[in-house]
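First the proteins, then the strands, lettered A, B, ... as listed; each starts at 1. Just so you know, these numbers come straight off a predicted model, no measurement behind them.
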Amino acid sequence: MDMRAPRGTYDAMPGQVERFQYIEEVFKSVAERFGYKEIRTPVFEHTELFERGVGDTTDIVQKEMYTFEDKGERNITLRPEGTSPVVRAFVEHKIYGQAAMPVKYYYKAIPIMRYERPQAGRLRQHHQFGIELFGTNDPRSDIEVIDLLNTFYEELGLKQIEVQINSVGCPKCRESHREALYDFLYDVKDELCSTCQDRLDKNPMRILDCKNPKDQELTKDAPIMIDYLCGDCSLHYQEVKKGLSLINIEYIENTRLVRGLDYYTNTAFEFCNKALSGPSNVIGGGGRYNGLIEEIGGPETPGIGFGSGLERIDLALEAEEIEVPIKDYCEVFVLIADDMAKEKALAILHNLRKSKIAADTEYTERSFRAQMKHADRLGAKYTVILGSIELEKGVVLVRNMKSGNQEEISIANIVKYFL
RNA sequence: GUGGGUGUAGCUCAGUCGGUAAGAGCGCUAGGUUGUGGCCCUAGAGGUCGUGGGUUCAAUUCCCAUCACUCACCCCA
């Protein structure tokens with residue numbers, strides 16, 4: 001039996017977890033400041049939700065889902081993506097009928113499972129932050145969503161962020177672009193890479209996003225989406241760009257940006273961290289999905305959101321050498337110098353903790369010196385020393401571990417000393 | 001799913017062209033200081049050399065498979 005964590009998964013151990021907690025706290029603070037409320041949905045859903053939501057031509061649905069049949073013969077899939085479950089909850093609870101629009105949700109470090117080939121920044125289970133904003137198509141809501149994500153990274157201290165945006169239009173203008181693109185690509189069909197040849201019929205727009213240099217050269221002059229936007233979509237896109245400039249968010253227009261999920265309409269965006277290398281430098285991305293809520297069975301409702309990966313954010317913090325504040329677990333270490341002090345030390349430890357002071361003690365019969373070393377390793381700011389000498393006098397020695405100064409404090413006043 | 005690289009102590013890594021080569025540094029434990037951490041010194045503990053098979057008198061070393069990590073694709077966070 002293999003007792004290791006399965007491929008592409010990992011245990012977050014103390015030392016790592018504190019970094020995650022910090023990132024989560026920053027996200028919660030930013031999201032709630034923007035007026036978003038936390039939502040928690042199941043880690044698994046009916047497979048059909050993702051097939052309809054994410055789109056069955058996507059890689060995610062075609063080859064990356066953890067799908068199984070449960071004992072009740074239900075077809076179940078582990079959440080490969082954050083948006084559709086939130087949309088499902090929104091529809092199921094008929095929030096559209098009872099809440100004033102728009103409705104704003106965030107989710108925090110939720111597990112996402114996809115069957116992929118793992119490498120740096122790519123796992124089979126990773127965790128995402130995200131927000132979803134339902135009920136408005138106002139370009140200012142697009143700006144809010146991008147602003148929120150940008151603020152999140154800014155407050156983490158990330159500097160090397162690049163924002164890319166594009167518009168993928170609505171189904172109407174997308175159809176006319178699709179036709180023009182198909183005609184253009186059909187002529188060079190035989191020269192495209194094999195995966196792009198497959199894409200030609202299914203989803204030709206994805207070909208523009210192909211990283212293959214030869215394909216990029218072939219599609220250099222291909223018709224681009226923004227030239228085919230209808231009046232409404234074009235205006236929407238202009239308004240979004242104008243608003244971003246207004247609040248000083250720098251962005252790069254990437255006319256080839258196409259995201260891997262089918263539900264996007266209009267605004268699409270990605271945030272890269274340039275301190276990270278390779279294609280795994282996308283730490284967050286999202287866009288508008290005006291047809292999705294209807295697709296899941298709700299009324300026609302516009303929506304927009306993003307997802308951002310916890311592990312990649314952490315890699316970015318590391319790459320940019322940003323110090324993460326780490327809390328201290330131990331303020332006071334209670335050192336037992338003689339066995340006869342054990343009982344008194346137990347009471348002191350209890351009282352310190354009851355008074356909300358982080359305290360710890362020694363349970364093995366280690367030497368005085370070893371206990372001091374242990375206190376040092378725990379990062380204790382003070383060590384309370386209790387032995388037969390102190391017991392007789394009714395005091396403890398309080399040692400300041402940084403300065404090395406020690407003073408006698410009566411046992412009765414010890415808690416007060418640290419408050 | 002495709003193609004490369006790697007896998008030796010808790011960590012970072014040496015090493016064996018098949019035969020007394022199981023090693024270093026850091027960390028850990030104890031002592032030097034019979035009641036004082038961080039520096040220094042000494043000693044000690046700790047390894048199925050990823051796992052399983054094969055070749056051989058002999059495999060950690062060669063071969064095959066497998067697992068994991070890693071890099072490049074694909075795609076994404």
TODO: Can you check whether any acceptor in the base of B:G1 is under 3.5 Å from a donor in the side chain of A:Glu64, or vice versa?
DONE: no
Task: Side-chain-base donor-acceptor pair under 3.5 Å for A:Gln371 and B:U36 - done: no
Task: Paired and unpaired positions of RNA chain B as dot-bracket, Watson-Crick or G-U wobble under 3.5 Å, | denoting a partner strand - done: (((((((..((((.....[...)))).(((((.......))))).....(((((..]....))))))))))))....
Open item on the list: Can you see if the side chain of A:Arg366 gets near the phosphate of B:G35 - specifically, an N or O under 4.0 Å from OP1 or OP2?
Closed with: no
Open item on the list: What's A:Glu116 touching, base or sugar-phosphate or nothing? Going by heavy atoms closer than 4.0 Å.
Closed with: base
Task: Selection residues 345-394 of chain A - residue pairs positive for ring pair (Phe, Tyr, Trp, His ring centres under 6.0 Å), sequence neighbours left out - done: A:Phe333-A:His374, A:Tyr382-A:Phe418
TODO: Would you indicate what A:Ile112 reaches in the nucleic acid, counting non-hydrogen atoms under 4.0 angstrom: base, sugar-phosphate, or nothing?
DONE: nothing
Open item on the list: Using only modelled atom types and a 3.5 angstrom limit, is any donor from either the side chain of A:Arg399 or the base of B:G35 paired with an acceptor on the other?
Closed with: no
TODO: Examine B:C28: is either OP1 or OP2 under 4.0 Å from a nitrogen or oxygen in the side chain of A:Arg377? Give yes or no.
DONE: yes
- [ ] Output yes when at least one side-chain N/O atom of A:Arg7 is less than 4.0 Å from OP1 or OP2 of B:C69, else no.
- [x] yes
Open item on the list: On the nucleotide B:G31, are OP1 or OP2 found under 4.0 Å from the side-chain N or O atoms that A:Ser367 carries?
Closed with: yes
Open item on the list: If the threshold is 4.0 Å, N to carboxylate O, is there a salt bridge linking A:Lys344 and A:Glu390?
Closed with: no
